[in-house]
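Following: one structure in structure tokens, then a few remarks.
All of these numbers come straight from a predicted model, not from anything done at the bench.
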Amino acid sequence: MGHLTGKTAIITGGGRAVLSDGRCGSIGYGIATAYAKEGCNLVLTGRNLQKLEDAKEELERLYGIEVLAVQADVSAGADNTAVVNNVVKQAIDKFGRIDVLINNAQASASGVTIADHTVEQFDLAVYSGLYATFHYMQACYPYLAKTQGSVINFASGAGLFGNFGQCAYAAAKEGIRGLTRVAATEWGKDGINVNVVCPLAWTAQLEGFEKAYPEAFKANVHMPPMGHYGDAEAEIGRVCVQLANPDFKYMTGETLTLEGGMGQRP
């Protein structure tokens with residue numbers, strides 16, 4: 001029996017992606033795989049329905065859990081409250097509970113300077129990241145309060161260090177970091193565990209960024225001191241399992257440092 005057997009987690013941006021060497025190629029899919037191995041049922045959202053269905057097929061087949069795939073896109077001009085409420089309603093209708101919310105989804109136009117950034121590109125990052133995180137947290141709050149569940153949000157070193165060519169992405173991620181701290185303060189009384197992770201994982205998107213913008217990649221993406229980038233499943237995914245583990249939840253302390261990011265525990 002896994003640490004999360006019988007639990008339900010919503011993971012945004014959880015579609016299947018693989019690296020050129022066959023390993024998990026996105027943080028969302030890496031987390032989904034780590035959670036599936038621990039017996040957790042999953043609600044996976046994203047813009048690409050085929051990637052969600054591919055993830056559902058593989059995770060159910062390999063790990064015997066149930067996966068609900070829901071296409072959802074928080075974006076400028078959409079009724080985003082309705083979009084997110086639909087995901088949450090389907091999750092409750094199928095599983096009856098929400099134990100973990102993982103706000104991982106994020107789109108952006110990397111490699112574009114502030115002077116050249118368009119409003120549409122800025123909206124893409126802020127809506128898919130910051131606004132999506134806000135909407136999902138608000139919609140999931142009553143269910144997380146019932147289960148004394150966990151919220152795991154994702155920020156980035158791009159915001160912490162001001163990476164060249166990532167103004168909208170950095171702005172969205174810093175907003176998420178601030179939102180997470182406030183939620184940790186407000187929701188501690190409800191027993192909801194709230195953290196933010198700032199990872200540097202090697203993903204298919206980062207592989208693509210290196211190919212498309214080699215100079216921006218060289219200027220901004222630096223090899224961690226341990227000599228390797230984070231593995232989306234074995235390192236980032238396993239950290240997220242730990243953050244949703246009830247035994248971890250009640251450890252003492254107020255601040256947690258993960259991969260250069262900070263989160264507060266109630």
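- Using a 4.5 Å heavy-atom threshold, the side chains of I98 and T147 count as separate.
- Side-chain atoms of Q166 and H117 include no donor-acceptor pair closer than 3.5 Å.
- Put simply, the side chain of I192 reaches to within 4.5 Å of the side chain of V151, judged on heavy atoms.
- The existence of a salt bridge linking E38 and K7 is excluded, since no basic side-chain nitrogen approaches an acidic carboxylate oxygen closer than 4.0 Å.
- Counting heavy atoms from C-beta outward, N195 and N193 have side chains that approach closer than 4.5 Å.
- Under the 4.5 Å side-chain contact rule for hydrophobic residues, Y143 and F95 share a cluster.
- Sorted by first and then second residue, the pairs that involve residues 122-134 and meet side-chain hydrogen bond (donor to acceptor under 3.5 Å, both in side chains), not counting sequence neighbours, are Q106-S128.
- By the criterion of side-chain heavy atoms lying less than 4.5 angstrom apart, applied directly or through intervening Ile, Leu, Val, Met, Phe, Trp or Tyr residues, Y213 is not grouped with I114; the two fall into different hydrophobic clusters.
- Looking at V88 and N86, their side chains never come closer than 4.5 Å, going by heavy atoms from C-beta outward.
- L49 CG: more than 12 foreign heavy atoms inside a 6.0 Å radius.
- Side chains of T8 and C40 form no contact here, defined as non-hydrogen atoms less than 4.5 Å apart.
- Each of Q50, K51, K56 was scored for a side chain to side chain donor-acceptor pair (under 3.5 Å) with D54, with one residue passing: Q50.
- Between I236 and V239 the shortest side-chain heavy-atom distance does not fall below 4.5 Å.
- The residues E58 and R16 are annotated as salt-bridged, a charged nitrogen and a carboxylate oxygen being separated by less than 4.0 angstrom.
- Using a cutoff of 4.0 Å between basic side-chain nitrogens and carboxylate oxygens, K218 and E215 are not scored as salt-bridged.
- The minimum heavy-atom distance linking A201 with Y229 is given by the pair C-CB, 4.5 Å.
- A heavy-atom distance below 4.5 Å is found between the side chains of E210 and W202.
- Y169 and N163 share no donor-acceptor pair across their side chains, judged by distance under 3.5 Å alone.
- The shortest distance between side-chain heavy atoms of V196 and F154 does not fall below 4.5 Å.
- By the 6.0 Å contact criterion, OH on Y63 is enclosed, its count of non-hydrogen atoms from other residues, nucleotides or ligands being greater than 12.
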Checking D116 against T113 for the side-chain contact (heavy atoms from CB on, under 4.5 Å) test, could you report, in this order, the C-alpha distance in whole Å, the side-chain angles of both residues, the deciding distance, and whether it holds? CA-CA 5 Å; D116 293 329; T113 66; 3.2 Å; yes

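- Of all non-hydrogen atoms in L42 and A32, the two that sit nearest each other are CD1-O, 3.5 Å.
- At most 12 non-hydrogen atoms from other residues, nucleotides or ligands lie less than 6.0 angstrom from CZ of R47.
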Applying salt bridge (charged side-chain N to carboxylate O under 4.0 Å, His left out) to R61 and E57, what does each step give before you reach the verdict? CA-CA 6 Å; R61 173 172 50 84; E57 188 281 325; 2.8 Å; yes

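- Remark: the N153 side chain and the T180 side chain contain an N/O donor-acceptor pair separated by less than 3.5 Å.
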